[in-house]
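To keep things clear, I will list the structure first and then write my remarks on it.
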Amino acid sequence: MSTATFRIWRGERGDGRFEDYPTTVSEGMVVLDAVHQIQSDQANDLACRWNCKAGKCGSCSAEINGKPRLMCMTRLNELDLERPVTIEPMRAFPHVRDLVTDVSWNFRVKQKIQKFTPTAPHAADGTWRMQQRDIDRVQEFRKCIECFLCQDVCHVLRDHQLHDEFVGPRFLVHIAALEMHPLDTADRTAELREAHGVGYCNITKCCTTVCPESIAITDNAIIPLKERVVDRYYDPLKALVRLVRGGTKGESRAT
Amino acid sequence: MPDTETVEHDVLVIGAGGAGLRAAIEAAAAGVTVGVVCKSLLGKAHTVMAEGGVAAALGNVDDRDSWRVHFADTMRGGQYLNNWRMAEIHAKEAPARVLELEAWGAVFDRTPDGRILQRNFGGHRYPRLAHVGDRTGLEMIRTLQDHAVHLGIDVHMEVTVITLLTDGNRVCGAFAYDRERGRFRLFRAKAVVLATGGVGRAFSVTSNSWEYTADGQMLAYNAGAELQDMEFVQFHPTGMVWPPSVRGLLVTEAVRGEGGVLRNNEGRRFMFDDIPENYRSQTADTEEEGWRYVQGDKSARRPPELLTRDHVARCIVHEVRAGRGSPHGGVYLDIAWIKEKLPNAAEHIRKKLPSMYHQFKQLADIDITSEPMEIGPTTHYMMGGIRVDGDTQMTAVPGLFAAGECAAGLHGANRLGGNSLSDLLVFGKRAGEHAATFAKAHAAGRIDAGAVDHAARSALVAFEHGGGGEGPYHVQHDLQTMMQDLVGIVRHEDEMRQALARLDDLKRRAAGVGISGNREYNPGWHTAMDLRNLIAVSEAITRAALERRESRGGHFRDDYPDKDPVFAGFNVVLAKGEDGTMRLTRVPIPPLPAELEQVIEEQKS
Ligand SMILES: Cc1cc2nc3c(=O)[nH]c(=O)nc-3n(C[C@H](O)[C@H](O)[C@H](O)COP(=O)(O)OP(=O)(O)OC[C@H]3O[C@@H](n4cnc5c(N)ncnc54)[C@H](O)[C@@H]3O)c2cc1C
Ligand code: SF4
Ligand code: SF4
Ligand code: FES
């Protein structure tokens, strides 16, 4: 057992300061354990979110030593404990208290995205057939645990505060999952360009770097969506070629 | 109360896990106004953590499967204490509920012919669990959540209900606080559905999150509903044991479904040493037969690692007590060994069990594709809960419904893996439907201002003690350790009597806890309030466990190690007496109708 210091942001609605909490640390501990220990012994009212403690629910997002991460999946042995470990709330969202931020904007954005709209069932018993290889990509996107760390790090939201114009990487992943779903028939291309603002993304890939689910957000979701928009609005010939060659659903509809 | 906001819905659903969301969807579809309340953010409920899969006799992988086999498996697993009507409805309706998820956008893993893939799980005769790798719960909750948000349902996130309000004996609303501001919120509703999940936080080693504080069970109990089968707590055989900070975290049964085996420190597959009589004819004789089973050979029988959870957990405890455990007090779960059988084993494991791979790699520095895991039992699931009508899910309180883990009946003495996710869908839907019907048939009830005032006052009492009172986390911690030690996986009369005495003491301490800070997002305050339900549910578990002087399913007694036929005929039911104490009765189980008896008989071979 040894002692380490955690420098935690305390305060309400943006008005706050760092406070230092020394606490004992033991083998295998993660940052969330330290926060809980501090909460239990030194600061009963220290506010943070968590649920699963296993990287599955996406509740415990924070900025640890300046990096957006899940507290429950950050082992202390990866951090330099000679110096205080700083823990701050996600900075791209309005502050509530201590490590808790108001992420409700994300839930409102989701509501505005056209929902899944399936094609007619393939079999007489009302079921569908899909091949595993055709859903691998969609399943990658559906691993998203809605931790919103990608939203936190994206400069379009964090620095430019374009929350009304741009849905952010999380929801581009969501749209990609819908658009590439083999059964979906809705067309979201026009909204992508306008309401969802896919054009604001300039492919810095910061979102991909922080995703705890290792979703290739930029390469696998955003770039193909951008291509869809380009095909639809700027390159009808390319779209026609794709249609003739038999592209996937979204591509053929883009003509 | 001056700082109370009032909200009105026809149907109020408390809980936004699988059961709550499914109920809300159904109620909204019936054309009534619906509100959903949850303690966390939307999509973070326990359901998100479910791993292995959802059980439904689709017969996609083995066409010998049918509702009859699923029904018989569920009853056998529950040692026939199940509400057989629920077991019947569940087995019949689960396939339609799973297929419906696909219509709402869920993307399950596929069979080679493009249908929903199903995997083996403990106690299920055929491969029956529809799944998405080992993140099935995430797929399910996200599908329901995304579907629900387009139906005009009002969601109250991070709001905790502390009392149900009644008018005469019927329910008419709920009283709650919001975590963010600490303000009170009064819900008026014509019908209320409880879908609040389990009780795992009453124990120290658990796979459950902070949310599992038995709120629904105690809200119902205090409103006049009954609890049943509270002695049946499921200790899942495979939780992580090391490092200490992850002790209790779940290791999905799918590891065994994919061929993982249990060994003691002598390398022996000890599960072959103790196979219960009623499962012998379905269990493999040799390791080789077991392997053929997990590979889909229809002529093979399942390996003993896939016996029911209660049995596997006890065998593990037995090995550890006999000194044959692993260094950190568990046994070994080995999936890496399949490399002897499969050429691309490591890749196969990562594909089939991605989050297990991740979890061990990141939290324990263990690569499960090349070395065994250390595991041991963890408090996982509550079979008991609110007593409901099998068809409508209504409780003894008119207008109050319950579904999902907080309700009792389907699982009897032991739940089969995968039968919870299907439970949520089948009975969530039914609860939503019947709540909507009730709401249409009844006018709003009258809110009792006195009861509201009382609830508000008692919620704030911890602030009056201020920083001078004992901290709530210490009381919670002592409760958890006590319950784990005295009413855990192996129980004894003397220890449980001691537990009751300790609970009295904890009740006193809980009444005196103090809180510093203010009401805005103050987890200390929330924990102080949670203590009441945790202590009350601990008492319910202990009293029921004392009453059942036998061992059956999840309930094991050292002093009565065998099953006793006398206890096969009733459920232990608890209700609040006139004087406020817990009243316990033995309620006989109605006889099985002949057709269902027949189904069980035909599946016995
Ligand atoms: C790690 C893990 C893995 C599992 N794997 C499987 C599996 O593979 N297959 C399977 O079938 N089962 C599995 N289970 C069990 C299954 O996940 C749960 O039993 C099930 O998800 C419970 O769902 P629910 O809808 O009843 O409740 P939950 O999903 O737990 O939701 C409860 C809801 O109620 C809310 N709530 C609680 N109290 C209050 C209150 N006072 N006021 C307002 N809201 C409140 C919570 O905020 C939450 O939204 C697993 C469980 C765990 C822990
Ligand atoms: S790649 Fe695009 S979405 Fe991702 S962080 Fe950069 S700008 Fe934002
Ligand atoms: S895409 Fe990744 S980083 Fe973004 S919310 Fe989902 S899981 Fe989190
Ligand atoms: S607590 Fe669930 S992701 Fe960290």
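Lettering follows sequence order; numbering is per chain, from 1.
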*asked:* Shorter than 4.5 Å, heavy atoms on both sides: which option in B:Gly133, B:Pro354, B:Ser40, B:Gly471 has the most such pairs with chain A?
replied: B:Ser40
*Between B:Phe108 and chain A, which part of the residue has a heavy atom less than 4.5 Å away: side chain, backbone, both or neither?*
backbone
*Structural part of B:Asp109 lying under 4.5 Å from a heavy atom of chain A*: both
*Output the option from A:Arg97, A:Arg75, A:Gln131, A:Gln111 having the highest count of non-hydrogen pairs under 4.5 Å with chain B.*
A:Arg75
*asked:* I'd like to know if A:Glu88 and A:Arg91 make a salt bridge, using a cut-off of under 4.0 Å between side-chain N and carboxylate O.
replied: yes
*By a 4.5 Å heavy-atom criterion (distance strictly below it), what part of B:Asp113 contacts chain A: side chain, backbone, both, or neither?*
backbone
_If I measure from the heavy atoms of chain A, does B:Trp104 come under 4.5 Å with its side chain, its backbone, both, or neither?_
backbone
*Side chain / backbone / both / neither for A:Ile145 at chain B, heavy atoms under 4.5 Å*: both
*Ignoring hydrogens and angles, state whether a donor on the side chain of B:Gln145 or B:Arg142 is under 3.5 Å from an acceptor on the partner side chain.*
yes
_Side-chain donor or acceptor of A:Asn44 paired with backbone N/O of B:Gly524 under 3.5 Å_ = no
*Report yes or no: do B:Ser207 and B:His380 form a side-chain donor-acceptor pair below 3.5 Å?*
yes
*Top contributor to chain A contacts, counting heavy-atom pairs under 4.5 Å, from B:Glu102, B:His147, B:Gln359*: B:Glu102
*Given that the side chain runs from C-beta out, which part of B:Ala528 has a heavy atom under 4.5 Å from chain A: side chain, backbone, both or neither?*
neither
*Sort out for me which of B:His477, B:Met49, B:Lys44, B:Glu180 touches chain A most, counting heavy-atom pairs under 4.5 Å.*
B:Lys44
_Looking at A:Arg188 and A:Lys115, would you say the former's side chain and the latter's main chain have a donor-acceptor pair under 3.5 Å?_
yes
*asked:* Less than 4.5 Å to any heavy atom of chain A: does that hold for the side chain of B:Leu249, its backbone, both, or neither?
replied: side chain
*Which atoms of A:Ser40 approach chain B - backbone, side chain, both or neither, heavy atom under 4.5 Å*: both
*Examine distances only and state if a side-chain atom of B:Gln480 and a backbone atom of B:Arg201 form a donor-acceptor pair shorter than 3.5 Å.*
yes
_Counting only non-hydrogen atoms closer than 4.5 Å, does A:His36 touch chain B with its backbone (N, CA, C, O), its side chain (CB onward), both, or neither?_
neither
_chain A contact via B:Met157 - side chain, backbone, both or neither, heavy atoms under 4.5 Å_ = side chain
*Is any NZ, NE, NH1 or NH2 atom of the basic residue among B:Arg135 and B:Glu139 found under 4.0 Å from an Asp or Glu carboxylate oxygen of the other?*
yes
*Pick from B:Asp365, B:Ile141, B:Ile515, B:Val246: which one has the most heavy-atom pairs with chain A under 4.5 Å?*
B:Asp365
*Quick one: of A:Arg142, A:His122, A:Glu146, A:Gln39, who has the most non-hydrogen atom pairs under 4.5 Å with chain B?*
A:Arg142
*For B:Thr213 and B:Lys39, test the side chains for any donor-to-acceptor distance below 3.5 angstrom and give the result as yes or no.*
yes
*Using 30° and 60° as the class limits, which term best fits the ring planes of B:Trp525 and B:Tyr177: parallel, tilted or perpendicular?*
tilted
*Ignoring hydrogens and geometry, is there a side-chain-to-backbone donor-acceptor pair from B:Ser245 to A:Gly28 under 3.5 Å?*
yes
*Enclosure of A:Glu27 CD (heavy-atom neighbours >12, cutoff 6.0 Å)*: no
_chain B contacts, top residue of A:Asn51, A:Val96, A:Val100, A:Asp45 (heavy-atom pairs, under 4.5 Å)_ = A:Asn51
*Which residue out of B:Gly137, B:Pro244, B:Gly105, B:Ser516 racks up the most heavy-atom pairs below 4.5 Å with chain A?*
B:Gly105
*For B:Glu211, is it the side chain, the backbone, both or neither that has a heavy atom under 4.5 Å from a heavy atom of chain A?*
side chain
*When you measure from the side chain of A:Ser61 to the backbone N and O of A:Cys147, does any donor-acceptor pair fall under 3.5 Å?*
yes
*Report yes or no: does A:Glu19 contribute a side-chain atom to a donor-acceptor pair with the main-chain N or O of A:Arg10 at less than 3.5 Å?*
no
_Proximal component of A:Asp134, with respect to chain B [non-hydrogen, under 4.5 Å]_ = neither
*Atom group of B:Arg179 that falls short of 4.5 Å from chain A, counting heavy atoms*: neither
_Note: A:Asp15-A:Arg13 ion pair, threshold 4.0 Å (strictly below)_ = no
*Examine whether an atom of B:Leu363 lies under 4.5 Å from a heavy atom of chain A, and if so say whether it belongs to the side chain, the backbone or both; otherwise answer neither.*
both
*chain A contact via B:His474 - side chain, backbone, both or neither, heavy atoms under 4.5 Å*: side chain
*Is the number of heavy atoms from other residues, nucleotides or ligands under 6.0 Å of B:Glu347 CD greater than 12?*
no
*Give the member of B:Leu99, B:Thr111, B:Val48, B:Leu138 that has the highest number of heavy-atom pairs under 4.5 Å with chain A.*
B:Leu138
*Side chain from CB out, backbone as N, CA, C, O: work out which of these in B:Glu158 comes under 4.5 Å of a heavy atom of chain A, or both, or neither.*
side chain
*What part of A:Asp98 gets closer than 4.5 Å to chain B, counting heavy atoms only: side chain, backbone, both or neither?*
neither
